[in-house]
Amino acid sequence: MKDVKEVLFSKEAIAARVQEMGKAIAEDYDENLIMVCILKGSVIFYADLVRALGQDCTFEFMEVSSYVGTESQETFKISKDLNIDVAGRDVVIVEDIVDTGNTLSMLVDYLKARKVNSVEIATLLSKPSRRTKDVDCKYVGFEIPDAFVIGYGMDYNQKYRGLDCIGIIDEAAI
């Protein structure tokens with residue numbers, strides 16, 4: 001594949017793990033659950049994960065960032081907020097990758113202030129070696145090394161989101 005230095009997870013491995021994650025979430029919640037997709041990188045994972053639940057849930061979307069360029073900041077910006085009242089509801093934040101944890105730490109606090117019943121995180125990828133904030137990810141697809149990954153919704157300059165695998169980008173492409 002062009003610009004992929006190494007494939008970390010194949011289409012089949014991703015599909016199997018997403019099914020497992022969906023079943024685990026469905027065991028923990030009923031149909032009162034709100035699944036919140038963090039745009040844009042999580043869209044493909046989110047679509048597959050909510051289908052893997054095997055039950056109805058409420059769909060919501062947020063666009064948040066704590067990055068300026070490639071550096072994580074101590075504040076975050078909400079470009080798109082939730083459209084519904086989440087008070088008294090269970091929320092699962094669906095994220096493509098947890099890196100430093102800064103954005104998710106602030107987002108969890110933000111949702112708790114809105115008086116949710118509970119808030120958990122489902123992430124496809126976790127990079128624990130980069131964590132600077134302690135965030136509890138209840139549902140984790142895969143742990144990965146400190147590398148820049150693309151595919152399955154994740155991009156570099158808006159490219160590679162459509163790859164059906166997850167790979168480490170070839171540095172020559174950056």
Side-chain angles (χ1 to χ4, degrees), residues 9 11-67 72 76-128 131 133-144 149-155 158 160-166:
F9 306 105
K11 172 173 121 175
E12 296 79 15
I14 296 166
R17 186 66 188 122
V18 170
Q19 286 296 313
E20 292 169 0
M21 292 175 73
K23 287 183 176 126
I25 293 169
E27 287 175 6
D28 292 343
Y29 299 98
D30 61 21
E31 294 178 0
N32 194 35
L33 176 64
I34 301 171
M35 297 285 283
V36 177
C37 177
I38 304 303
L39 297 173
K40 297 177 187 170
S42 302
V43 170
I44 294 172
F45 171 48
Y46 181 83
D48 289 345
L49 185 63
V50 295
R51 284 190 299 250
L53 288 175
Q55 67 188 33
D56 283 332
C57 65
T58 300
F59 282 38
E60 272 298 313
F61 300 86
M62 290 186 80
E63 189 168 5
V64 298
S65 177
S66 65
Y67 281 81
S72 183
F76 78 128
K77 175 184 171 190
I78 298 174
S79 303
K80 189 213 173 311
D81 204 345
L82 299 172
N83 291 323
I84 64 171
D85 181 11
V86 294
R89 303 276 304 269
D90 295 311
V91 174
V92 173
I93 300 168
V94 180
E95 181 67 286
D96 54 353
I97 185 167
V98 178
D99 194 346
T100 63
N102 287 344
T103 304
L104 280 174
S105 174
M106 290 180 276
L107 183 56
V108 166
D109 290 344
Y110 176 78
L111 291 172
K112 285 180 178 178
R114 292 173 81 171
K115 310 235 184 288
V116 296
N117 182 50
S118 70
V119 60
E120 298 291 352
I121 299 167
T123 185
L124 181 61
L125 303 176
S126 177
K127 246 190 236 186
R131 203 82 79 240
K133 293 278 183 174
D134 186 27
V135 290
D136 180 27
C137 299
K138 185 170 184 179
Y139 310 99
V140 177
F142 304 99
E143 285 193 3
I144 63 169
V149 294
I150 54 173
Y152 198 69
M154 292 168 281
D155 74 307
Q158 300 300 322
Y160 313 109
R161 289 190 194 277
L163 294 175
D164 63 2
C165 64
I166 297 171

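None of these values were measured; they are calculated from a predicted model.
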[X]/[Y] ion pair, N-O < 4.0 Å:
| X | Y | answer |
| --- | --- | --- |
| D109 | K133 | no |
| D155 | K40 | no |
| E20 | K23 | no |

* **Parallel, tilted or perpendicular, as decided by the 30° and 60° cut-offs, for the rings of F59 and Y46** => perpendicular
For the residue pair [X] and [Y], what are the closest heavy atoms and their distance?
| X | Y | value |
| --- | --- | --- |
| V116 | L111 | CG1-O, 3.5 Å |
| D30 | Q55 | O-NE2, 3.3 Å |
| A52 | Q19 | CB-NE2, 3.6 Å |
| I166 | M154 | CD1-CE, 3.8 Å |
| G22 | L53 | O-CD2, 3.5 Å |

* To do: Begin from the C-alpha positions of L124 and V18 and carry the test side chain to side chain contact (heavy atoms under 4.5 Å, CB included) through to its verdict.
  => CA-CA 8 Å; L124 181 61; V18 170; 4.3 Å; yes
Quick check for you: to the nearest 0.5 Å, what is the distance between [X] atom [atom1] and [Y] atom [atom2]?
| X | Y | atom1 | atom2 | value |
| --- | --- | --- | --- | --- |
| M35 | E60 | CE | CD | 12.5 Å |
| K138 | M21 | NZ | CE | 12.0 Å |
| Y110 | S105 | OH | OG | 15.0 Å |
| L163 | K11 | CG | NZ | 12.0 Å |
| D90 | L33 | CG | CG | 6.5 Å |
| C37 | D96 | SG | CG | 8.5 Å |

* For side chain to side chain donor-acceptor pair (under 3.5 Å), just list the numbers for E143 and S126, CA-CA rounded to whole Å, side-chain angles, deciding distance to a tenth of an Å, and then say yes or no. => CA-CA 5 Å; E143 285 193 3; S126 177; 5.0 Å; no
For a 4.5 angstrom cut-off between non-hydrogen side-chain atoms, does [X] reach [Y]?
| X | Y | result |
| --- | --- | --- |
| L49 | I25 | yes |
| F45 | L125 | no |
| R89 | T58 | yes |
| V98 | L104 | yes |
| D136 | E120 | yes |
| E95 | L107 | no |
| Y29 | C57 | no |
| M106 | V64 | no |

* To do: Among D164, D48, V43, find the residue that satisfies the side-chain contact (heavy atoms from CB on, under 4.5 Å) test when tested with Y152.
  => D48
* Full working for side chain to side chain contact (heavy atoms under 4.5 Å, CB included) between M62 and I38 -> CA-CA 5 Å; M62 290 186 80; I38 304 303; 4.0 Å; yes
* Do other residues, nucleotides or ligands put more than 12 heavy atoms under 6.0 Å from the NZ atom of K80? -> yes
* Asked: What's the verdict on side chain to side chain contact (heavy atoms under 4.5 Å, CB included) for Y139 and D28, showing C-alpha distance, side-chain angles and the deciding distance?
  -> CA-CA 11 Å; Y139 310 99; D28 292 343; 2.5 Å; yes
* Asked: Donor-acceptor pair, R114 side chain versus V86 backbone, under 3.5 Å?
  -> no
* Go through I144 and I97 one step at a time and tell me if the side chain to side chain contact (heavy atoms under 4.5 Å, CB included) criterion holds. => CA-CA 10 Å; I144 63 169; I97 185 167; 3.7 Å; yes
